[in-house]
Amino acid sequence: MSFSSEVKEELSRQLSPARHCRIAELAALLNVCGQVEISEDDSCAVILHTENISVARKYFTLLKKTFNIEAVIRVRKNACLKKSNVYLAEVTSHSDTVRILQAVKLMTGDQELVENQGTADPLVIQSSCCRRAFLRGMFLAAGSISDPEKSYHLEIVCSGQERALQVQQVLREFEVDARIVNRKKNQVVYIKEGSQIADFLRLTEAGISLMKLENIRILKEISNNVNRQVNCETANINKTVSAAVKQIEDIRYIATHMGFSQLSEGLEEMAVLRLKYPDATLKELGQMLHPPVGKSGVNHRLRKLSRIAGELRGDKEDYYD
């Protein structure tokens, strides 16, 4: 099971204790997946279409717990994807349908269907807890999340711009920075930051999935820190080795073209030690000198030797300490 499926499975079993929150979640499901059918005798039925069994289960549970209505669930094969099932949760009773649609503000008190069904009615999601339930329903109906082991990406696909803007606005009220992008005929609300996705899971009460995501984020951060330290240490080692190689080349050049006898006692001792211990650090070289000197003193002497070698390679002027 993918991480996205695990999140939806967990959310499908999360039931708000408050009736108004359950209605907010129902509103999200019906806005995305719902369809109202009107028969010749003007009776109404409401059908929810989904390819996700978790969504069908959640819809069934919400109707049962909120209205004591039992939807009839049918399964059929997807005409385009023969291996995929389509779940239809139907409420055929006119009176039950009216109760559901009026509760989610998709039908007026006069039993007139609301024309603009692209967004949830503000009254349905006026409370903070209801907005959380609304986001849970939107993700169940139209959301997905990538495997956090690979990347951080959460999205909710909306069929219209108004719906996308509403989802974005609700998320931003919870300080989740959601963006919108066009994808074919849809508007996609997406979140890219791992910390923001964690906030979304926290808002929608997907506690188990949140813990899994946070564990992965921690391991990734540790791994990234280790890699940065290794890269830094490797760069320092390469720099130290390159410097040592250059120092030895300069000292050998001095030995060949001038000899150590013309060097001061301190520089001669330094040159001999560097040749004898090519892998030693500046600190180690300093401790071998008599008397010992610090890293800056060792570096100063090696730079002098380098300048002497440079003079010899150039105009061959004598250079004495």
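Index from 1, following the sequence. The basis for the numbers below is simple: all heavy atoms, side chains too, and nothing from hydrogens, waters or symmetry mates. Keep in mind the model is a prediction, meaning the values are calculated, not measured.
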Pair Thr50, Asn52: side-chain N/O donor-acceptor within cut-off below 3.5 Å: no
Single-linkage hydrophobic cluster Phe3~Ile216, side-chain heavy atoms < 4.5 angstrom: no
Contact check, side chains of Lys192 and Tyr190, non-hydrogen atoms, under 4.5 Å: yes
Neighbour count above 12 (heavy atom, 6.0 Å) for Glu284 CD: yes
Heavy atoms of other groups near Arg252 CZ, more than 12 under 6.0 Å: no
Shared hydrophobic cluster, Val181 / Val157 (ILVMFWY, side-chain heavy atoms < 4.5 Å): yes
Thr119 side-chain N/O to Glu162 backbone N/O, donor-acceptor pair under 3.5 Å: no
Any side-chain donor near an acceptor of the partner, Glu51 and Asn85, under 3.5 Å: no
Side chain to side chain contact (heavy atoms under 4.5 Å, CB included) between Glu175 and Gln196, worked out: CA-CA 9 Å; Glu175 298 184 352; Gln196 297 275 285; over 6 Å; no
Single-linkage hydrophobic cluster, 4.5 Å side-chain cutoff, Leu273 and Leu275 together: yes
From OG (Ser2) to CG (Asp147), nearest 0.5 Å: 8.5 Å
Chi angles and distances behind the side chain to side chain contact (heavy atoms under 4.5 Å, CB included) call for Leu30, Leu106: CA-CA 9 Å; Leu30 288 172; Leu106 292 177; 4.2 Å; yes
Other residues, nucleotides, ligands: >12 heavy atoms within 6.0 Å of Leu123 CG: yes
Side chain to side chain donor-acceptor pair (under 3.5 Å) between Asn224 and Lys220, intermediate numbers included: CA-CA 6 Å; Asn224 290 338; Lys220 274 189 172 182; over 6 Å; no
Heavy-atom check, side chain of Val114 versus side chain of Lys105, under 4.5 Å: no
Arg22 (side chain) donor-acceptor with Ala133 (main chain) under 3.5 angstrom: no
Under 3.5 Å: donor-acceptor pair, side chain of Ser127, backbone of Cys130: no
Under 3.5 Å side-chain donor-acceptor pair for Ser54 and Glu9: yes
Lys283, NZ atom: more than 12 neighbouring heavy atoms under 6.0 Å: no
From CA spacing to verdict: side chain to side chain contact (heavy atoms under 4.5 Å, CB included), Val293, Arg301: CA-CA 10 Å; Val293 299; Arg301 295 187 188 188; 3.9 Å; yes
Note, Met138 side chain near Arg163 side chain (heavy atom, < 4.5 Å): yes
Side chain to side chain donor-acceptor pair (under 3.5 Å) evaluation trace for Arg136 with Ser16: CA-CA 11 Å; Arg136 181 163 57 243; Ser16 297; 2.7 Å; yes
Arg99 side chain vs Phe67 backbone, donor-acceptor pair below 3.5 Å: yes
Exercise: identify the closest heavy-atom pair between Ala120 and Asn31: CA-ND2, 4.0 Å
Leu312 and Tyr253, any side-chain heavy atoms less than 4.5 Å apart: yes
CZ on Phe174 to CG on Leu203, rounded to 0.5 Å: 5.5 Å
Closest contact, heavy atoms only, Gln166 versus Ile125: NE2-CD1, 3.7 Å
No-hydrogen, no-angle side-chain donor-acceptor test under 3.5 Å, Ser95 and Ser93: yes
Residues Glu269, Lys276; criterion salt bridge (Lys or Arg N to Asp or Glu O under 4.0 Å); working and verdict: CA-CA 11 Å; Glu269 184 184 14; Lys276 187 175 181 180; over 6 Å; no
salt_bridge(Glu25, Arg131) N-O dist < 4.0 Å: no
Nearest-0.5 Å distance that lies between atom CG in Asp96 and atom CD1 in Ile69: 3.5 Å
SB check Glu205 Arg132 (cutoff 4.0 Å): no
Closest approach of Val104 to Ala27 (non-hydrogen atoms, all atoms of both residues): CG1-N, 3.8 Å
For Thr204 against Leu11, the heavy-atom pair lying closest together: O-CD2, 3.3 Å
Heavy-atom side-chain contact between Arg179 and Val189 under 4.5 Å: no
Short side-chain to backbone donor-acceptor contact, Lys65 and Arg19, under 3.5 Å: no
In one Ile/Leu/Val/Met/Phe/Trp/Tyr side-chain cluster, 4.5 Å: Val72, Val86: no
Backbone N/O of Val188 and side chain of Glu155: donor-acceptor pair under 3.5 Å: no
Side chain His94, main chain Cys44, donor-acceptor under 3.5 Å: yes
Whether Asn238 side chain and Thr234 backbone form a donor-acceptor pair below 3.5 Å: yes
CD on Glu90 to CD1 on Ile47, rounded to 0.5 Å: 4.5 Å
Ring centroid separation Phe139 to Phe200 under 6.0 Å: yes
Linked, directly or transitively: Ile73 and Val46 (ILVMFWY side chains, under 4.5 Å): no
Expected output: side-chain Lys8 to main-chain Leu140 donor-acceptor under 3.5 Å: yes
Nearest non-hydrogen partners of Ala45 and Thr97, listed with the distance: CA-OG1, 3.5 Å
Donor-acceptor side-chain pairing of Lys64 and Asn68 below 3.5 angstrom: yes
Straight-line distance of Ile53 CD1 to Ser12 OG, nearest 0.5 Å: 9.0 Å
Test item: Tyr87 and Arg57 side chains (from C-beta on) under 4.5 Å apart, heavy atoms: no
Min side-chain heavy-atom separation Cys33-Tyr59 under 4.5 Å: no
Main-chain N/O of Ser209 paired to Glu6 side chain as donor or acceptor, under 3.5 Å: no
Evaluation steps, side chain to side chain contact (heavy atoms under 4.5 Å, CB included), between Glu70 and Leu63: CA-CA 7 Å; Glu70 290 194 8; Leu63 290 181; over 6 Å; no
Other residues, nucleotides, ligands: >12 heavy atoms within 6.0 Å of Glu193 CD: no
Carboxylate-amine/guanidinium proximity below 4.0 Å for Asp250 and Arg313: yes
Residue pair Leu48 / Leu29, side-chain heavy-atom distance below 4.5 Å: yes
Minimum heavy-atom distance Val124-Ala24, with the two atoms named: CG1-CA, 3.5 Å
Contacts of Glu214 that satisfy side-chain hydrogen bond (donor to acceptor under 3.5 Å, both in side chains) - sequence neighbours left out: Arg217
